[in-house]
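Worksheet: one structure, shown below.
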There are 2 protein chains.
Amino acid sequence: MGDMKMSGGVEWAVHCCVVLSQAEGPVPTQRLAEFHGISRTYLAKHLQQLSRAGLVSSTEGRVGGYRLTRPADEITVLDVVLAIEGLEPAFRCTEIRQNGPLPASPTACKRPCGVNRVMQAAEQAWRAALREVTIADLAVTVTKDAGPQTFVRVREWLAT
Amino acid sequence: MGDMKMSGGVEWAVHCCVVLSQAEGPVPTQRLAEFHGISRTYLAKHLQQLSRAGLVSSTEGRVGGYRLTRPADEITVLDVVLAIEGLEPAFRCTEIRQNGPLPASPTACKRPCGVNRVMQAAEQAWRAALREVTIADLAVTVTKDAGPQTFVRVREWLAT
DNA sequence: TAAACGCGGATAAGTTATGTCCACGATTAG
DNA sequence: CTAATCGTGGACATAACTTATCCGCGTTTA
Ligand code: SF4
Ligand code: SF4
């Protein structure tokens, strides 16, 4: 039935961060959207979220654009995912244990139950894995996968 | 913006499995819904999914209902989550690296890229954590949190 | 002064999540 | 035999969310 799906904007945002890590100056939304062949206006929304999260900073005006606020090896994939997806956990308890003919006592409801604890632990494991990889790591992977000339060509295109 | 949210039905399904692990006979949808104070007709949908996933088996007719197909210590929380949420991973790549003025070569696209690999690894860690806990474990937790008489009362109410 | 750019809000279409309803066949109590 | 209970699957309705698009505004620079 319903599947737990991550926002598609995460893919866009991660790719943009990798590109920004290789850029020499501010890159405008226009260029980033064109480069990835995606919607300019919608990407703008995601970049604004990255900006609010403090991952990128923006320059307004004629030759403005976005740049990373920190070195790429200090930005984790988790940072980007949380910036786009929000901070709320995937599992949200609706406290159904308090319903029905045998409701749990207020005392027992002080702390989250076993179900909730398991879900939170799983989410922590998920976050830990995402925290292990930085944007810089991804850039290295791209170089390995697509060749050492890749980012040279990207920089050339950005300078167009 | 968009948050990755788990279906609310997961909470219902897990709770139902815990109750079923303590029942002495088949429990009909009606009772399970009443016990948890939730929608009967909608819960029926989720129970059917558990049935299709092979976690519970149903008995039709006058005194029918659901029961677990396996001992509770052989049903993990992951089993339930996957039965409700589906098998698809949370992160779905749309291959935007193939777009734009510098598309990745077909050679480099043979296998998933670094981004995708990170996401898959994180999801594996998440699943591993959920696989560590069984319905039987949760039942023990409930006994600890809500008192040893809890399930006695549940069985009494179910026999009503 | 005009063009390029980021920012935030309003708006809309498409999709998903949530929930209801009903007709059907199976089973069992009386 | 008959009526009540129960699971199954499909159709249906509605709320919520995702995915955009557009516009007016202020900022910066050629
Ligand atoms: S027992 Fe856990 S999952 Fe269930 S309602 Fe309570 S906190 Fe939520
Ligand atoms: S680089 Fe990875 S995340 Fe990006 S489009 Fe390719 S497979 Fe998807």
Side-chain angles (χ1 to χ4, degrees), chain A residues 1-13 16 20 23 25-34 36-67 69 84-86 88 90-92 94 96 158 160, chain B residues 1-13 16 20 23 25-34 36-67 69 84-86 88 90-92 94 96 158 160:
Chain A
M1 237 163 173
D3 26 25
M4 183 179 57
K5 198 175 79 178
M6 190 180 298
S7 164
V10 170
E11 188 182 1
W12 297 7
C16 284
L20 289 181
V27 185
T29 308
Q30 171 69 41
R31 300 303 275 168
L32 289 171
E34 203 178 337
H36 294 115
I38 58 183
S39 157
R40 180 182 59 84
T41 56
Y42 193 29
L43 176 63
K45 294 297 181 195
H46 295 311
L47 292 174
Q48 284 175 36
Q49 287 186 267
L50 294 182
S51 181
R52 289 192 204 105
L55 300 182
V56 303
S57 70
S58 61
T59 315
E60 292 192 346
R62 185 69 174 70
V63 290
Y66 291 97
R67 80 195 75 196
T69 55
I84 302 297
E85 289 285 331
E88 292 167 80
F91 179 80
R92 277 102 130 182
T94 56
I96 63 174
L158 285 177
T160 304
Chain B
M1 240 163 171
D3 27 25
M4 183 179 58
K5 199 175 78 178
M6 188 180 297
S7 164
V10 170
E11 187 183 1
W12 297 6
C16 285
L20 289 181
V27 184
T29 309
Q30 170 70 40
R31 300 303 273 169
L32 289 171
E34 203 178 338
H36 294 114
I38 58 183
S39 156
R40 180 182 59 84
T41 55
Y42 194 28
L43 175 62
K45 295 297 181 194
H46 295 312
L47 292 174
Q48 284 174 37
Q49 287 186 266
L50 294 182
S51 181
R52 289 193 203 104
L55 300 182
V56 304
S57 70
S58 61
T59 314
E60 293 192 345
R62 186 69 175 68
V63 290
Y66 291 97
R67 79 193 75 194
T69 55
I84 302 297
E85 289 285 331
E88 292 167 80
F91 179 80
R92 276 101 131 184
T94 56
I96 64 173
L158 285 178
T160 305

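Proteins get letters first, then strands, A, B, ... in listed order; numbering begins at 1 in each.
When the nearest nucleotides of DNA chain D are assigned to A:G9 and B:A44 by heavy-atom distance, the more 5′-ward of the two goes with B:A44.
Residue A:G8 is classed as a sugar-phosphate contact, given heavy-atom separations below 4.0 Å to backbone atoms only. B:G65 comes within 4.0 angstrom of sugar-phosphate atoms only, judged by non-hydrogen atoms across all strands, and of no base. No engagement by B:R31 is indicated, since no non-hydrogen atom pair under 4.0 Å with the nucleic acid exists.
Atom-to-atom, CD1 of A:I96 to P of C:dG19 comes out at 12 Å; the value is rounded to the nearest Å. In this entry the distance linking NE2 of B:H46 with C1' of C:dT20 reads 13 Å, nearest Å. Rounded to whole Å, atom C1' of D:dT19 lies 12 Å from atom CD of A:Q49. If you measure from atom CZ of B:R92 to atom C1' of D:dT18, you get 13 Å, rounded to the nearest angstrom. When the P atom of C:dT20 is taken as reference, atom CD1 of B:I38 falls 11 Å away, rounded to whole Å. Distance CD (A:E60) to P (D:dT29): 11 Å, rounded to an integer number of Å. In this structure, A:R52 places its CZ atom 14 Å from P of C:dG6, rounding to the nearest Å. What separates CD of A:E11 from P of D:dT18 is a distance of 17 Å, to the nearest Å.
For B:R62, the side-chain contact (heavy atoms from CB on, under 4.5 Å) test picks out no residue, with sequence neighbours left out. Remark: A:E88 engages A:R92 in a salt bridge (charged side-chain N to carboxylate O under 4.0 Å, His left out) (not counting sequence neighbours). Under the salt bridge (charged side-chain N to carboxylate O under 4.0 Å, His left out) criterion, B:E60 pairs with no residue at all, not counting sequence neighbours. Not counting sequence neighbours, the partners of B:S57 by the side-chain contact (heavy atoms from CB on, under 4.5 Å) test are B:R67, B:T69. For A:T94, the side-chain contact (heavy atoms from CB on, under 4.5 Å) criterion is met by A:I96, B:E11, not counting sequence neighbours.
The closest donor-acceptor contact from the side chain of B:E85 to the backbone of B:S7 lies under 3.5 Å.
Here B:D3 contributes atom CG and A:M6 contributes atom CE; the two are 12.0 Å apart, rounded to the nearest 0.5 Å. To the nearest 0.5 Å, atom OG1 of residue A:T29 and atom NE2 of residue A:H46 are 11.5 Å apart. B:L47 CG to B:I84 CD1: the interatomic distance, rounded to the nearest 0.5 Å, is 8.0 Å.
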For nucleotides 1-5 of chain D, print each protein N/O atom paired with a nucleotide N/O atom at under 3.5 Å, atom names and distance only.
residue	atom	partner	partner atom	Å
D:dT5	O2	B:R62	N	3.3

Can you give me the N/O atom pairs linking the protein to nucleotides 20-24 of chain D at distances under 3.5 Å, or say none if there are none?
residue	atom	partner	partner atom	Å
D:dT21	OP2	A:S39	OG	2.4
D:dT21	OP2	A:T41	OG1	3.1

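Of the side-chain N and O atoms in B:T59, none sit less than 4.0 angstrom from OP1 or OP2 of D:dC6.
Checking C:dG6, D:dG7, C:dT18 against every side-chain atom of B:K5, the shortest atom distance belongs to C:dT18.
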